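Hydrogens, waters and symmetry mates are skipped; everything else that's a heavy atom, side chains included, is used. Bear in mind that the values here come from a model prediction, so they are computed numbers and not experimental data.
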Amino acid sequence: MERIDRYADLIVRVGANVQPGQTLFVTALVEHAPLARALSRAAYRAGARLVDVRYADNHLRRSFIESAPEDELSATTPWLLARAEAIAEGGALIMIAGDPEPELLADLDQARVGKARPVEAMQVQLRAQNARKVNWSIAAFPTAGQAAQVFGEPDLERLWDAVAHSVRLEESDPVEAWRQHVARLRARCEQLDGQSFDAIRFTGPGTDLTIGLIPGARWSGGGLQTVDGIDHVPNLPTEEVFVCPDWRRTEGRVRSTRPLQLGGTIVHDLELRFEQGEAVEVTASAGAEAVRGQMAIDDFGKRLGEVALVDGESRVGQTGITFFDTLFDENATCHIAYGAGVTFGIDGVEDLEPDQLRERGINVSGVHTDFMIGGPEVAVDGITSDGTAVPILREDVWQLT
């Protein structure tokens, strides 16, 4: 309990940075209750006005996917929409990750698994996060089921140790350790912004992918700031620097370098082929239909919304563990995301309508799914406007100085 309480304090103080008088919204699975309770205690100590916790149950989700009418799979209930709108009005948000049964939905119709999400509520929440109206964070709660998936046995203590190392909880002063880490990531963003790259290219086994960037889009990393000036770290852990690509300018083929945990299904050996920004081919040795189902949620689910760089200094990567949890695995190596664009580094877009955002090159969708494409065997180059390739990563070592 002492470790959970310290962890909750870190999430509340460094992650979401809950402010006095704010309402904190927490989204969790029923198995995450010990951390949700600790977050409530920590948030009230920080001065929160109210802590609102919404629990979900993946067994209920399974029965919904099995039996609900097709047109209800992506529907949003009025009360869930109202909660998303309340979050968008300036609340703090903490989402707890960590699947206690990572393959609970693996035997179901994977197209239905991919579609089963409240799209309208997710769009409202994603828009609020992109518009920097919410100070938010995602953090993990280790479970025995996840430990069994990772280690082959339910060694929960070993998984807790790996999580604590990755989020710097073991440091004598975790808050100061995070301050230094955030500064390092922001320095990398300044390096990349100084280059004004037109595109990013990934090359490696099964991968030759060029992703066009939006002119003037700045790189983000190490944390964000709301429009009201509240600093927060959206992911605990975070090791990435990222930017919004132009949804119209992705070409080539890419092969995932780590499994993708997709809400009860694990996707193995994912490969995508892009033409004029759209994923026109999706293959995988397992879980391809779940990815196709997600991408079919709307007309823009097949286009990219994020490209992120992670080098070999990542604490997550240095554990040598595949966590089967995107929160951690995306911070072990480079990744991209299909679906909604991340607009944090683009000025003047907070009040634009979806069509106006797309005109700027920013994707708008009800889905945002990251998957891992980096590693020592994948080279990353920045492409300048005149076509010059500038090395960024070689064998997981950062090249820019």
Side-chain angles (χ1 to χ4, degrees), residues 15-17 88 93 125-138 181-202 210-236 238-250 277 300 303-311 330-331 334-354 356-365 368-370 374 380-385 390 392-393 398 400:
N17 191 13
L93 172 65
Q125 182 177 311
L126 283 170
R127 282 199 296 269
Q129 290 171 251
N130 273 333
R132 298 184 295 115
K133 295 179 179 179
V134 182
N135 42 304
W136 60 279
S137 191
I138 308 175
H181 178 54
V182 163
R184 183 178 69 88
L185 291 177
R186 287 179 174 169
R188 288 197 168 171
C189 293
E190 292 177 4
Q191 286 180 323
L192 289 161
D193 288 340
Q195 296 285 341
S196 299
F197 289 128
D198 178 66
I200 301 294
R201 184 183 183 191
F202 296 84
T210 300
I211 303 171
L213 304 183
I214 298 171
R218 298 186 305 278
W219 289 79
S220 300
L224 300 172
Q225 188 177 82
T226 69
V227 291
D228 295 325
I230 303 172
D231 291 312
H232 59 288
V233 179
N235 288 355
L236 289 178
T238 186
E239 302 284 349
E240 63 178 307
V241 291
F242 61 92
V243 73
C244 187
D246 189 322
W247 61 269
R248 301 161 292 198
R249 298 183 55 214
T250 300
F300 290 85
R303 301 185 180 264
L304 295 187
E306 178 183 352
V307 55
L309 306 179
V310 181
D311 75 345
E330 72 167 1
N331 283 296
C334 299
H335 55 275
I336 55 178
Y338 56 84
V342 287
T343 62
F344 311 120
I346 305 175
D347 295 327
V349 299
E350 292 83 4
D351 298 319
L352 297 185
E353 296 298 321
Q356 295 172 311
L357 290 169
R358 293 186 185 114
E359 288 176 6
R360 291 281 301 270
I362 301 162
N363 199 22
V364 180
S365 173
H368 179 95
T369 297
D370 300 272
V380 182
D381 292 298
I383 309 300
T384 65
S385 57
V390 178
I392 299 175
L393 286 170
W398 192 261
L400 298 179

In Å, rounded to the nearest 0.5 Å, how long is the span from CD1 of Ile138 to CG of Leu93? 8.0 Å
Checking Glu239 against Arg188 for the salt bridge (charged side-chain N to carboxylate O under 4.0 Å, His left out) test, could you report, in this order, the C-alpha distance in whole Å, the side-chain angles of both residues, the deciding distance, and whether it holds? CA-CA 11 Å; Glu239 302 284 349; Arg188 288 197 168 171; over 6 Å; no
When you look at Leu393 and Trp398, which way does the side-chain contact (heavy atoms from CB on, under 4.5 Å) test go after all the steps? CA-CA 5 Å; Leu393 286 170; Trp398 192 261; 3.8 Å; yes
Roughly how far apart are Ile362 CD1 and Cys244 SG, rounded to 0.5 Å? 5.5 Å
Nearest heavy-atom pair of Gly345 and Ser220: which atoms, and what distance? N-OG, 4.0 Å
Which atoms form the tightest heavy-atom contact between Ser365 and Leu126, and what is the distance? O-CD1, 4.1 Å
Would you call Val349 and Asn130 a side-chain contact if the rule is heavy atoms closer than 4.5 Å? no
Any side-chain heavy atom of Val342 within less than 4.5 Å of one from His368? yes
Are Phe300 and Arg358 close enough that some pair of their side-chain heavy atoms sits under 4.5 Å apart? yes
Can you check side-chain contact (heavy atoms from CB on, under 4.5 Å) on Leu192 and Phe197, steps first, answer last? CA-CA 8 Å; Leu192 289 161; Phe197 289 128; 4.0 Å; yes
Over all heavy atoms of both residues, which pair between Phe202 and Ile211 is shortest? Give the atoms and the distance, please. CE1-CD1, 3.9 Å
Please step through side-chain contact (heavy atoms from CB on, under 4.5 Å) for the pair Asp198 and Arg249, ending with a clear verdict. CA-CA 10 Å; Asp198 178 66; Arg249 298 183 55 214; 2.8 Å; yes
Just so I know, are the side chains of Arg360 and Ile214 near enough to count as touching, which here means a heavy-atom distance under 4.5 Å? no
What are the two closest heavy atoms between Ile346 and Ala217, and how far apart are they? CG1-CB, 3.9 Å
Please find the pair of heavy atoms, one from Cys189 and one from Val241, that lie closest to each other, and give the distance. SG-CG1, 3.7 Å
Less than 4.5 Å apart, side chain to side chain, heavy atoms only: is that true for Glu306 and His335? yes
side-chain contact (heavy atoms from CB on, under 4.5 Å) between Asp228 and Asn135: does it pass, once the steps are laid out? CA-CA 10 Å; Asp228 295 325; Asn135 42 304; over 6 Å; no
Can you tell me how far the CG atom of Asp311 sits from the CD1 atom of Ile392, to the nearest 0.5 Å? 11.5 Å
So how far is it from Glu240 CD to Glu330 CD, rounded to the nearest 0.5 Å? 5.0 Å
Given side-chain hydrogen bond (donor to acceptor under 3.5 Å, both in side chains), test Gln191 with Gln195 step by step and report yes or no. CA-CA 7 Å; Gln191 286 180 323; Gln195 296 285 341; over 6 Å; no
Do the non-hydrogen side-chain atoms of Asn363 and Leu304 ever get within less than 4.5 Å of each other? no
Beyond-backbone contact of Thr250 with Tyr338, side-chain heavy atoms, under 4.5 angstrom: no
Drop me the distance from Thr226's OG1 to Gln129's CD, to the nearest 0.5 angstrom. 12.5 Å
Rounded at 0.5 Å granularity, tell me how far CD1 in Ile336 sits from OG1 in Thr369. 11.5 Å
Angle class for the Phe242/Phe344 ring planes (parallel below 30°, perpendicular above 60°, tilted otherwise)? perpendicular
Identify the heavy atoms of Arg248 and Arg303 that sit nearest to each other, and give their distance. CA-NH1, 4.4 Å
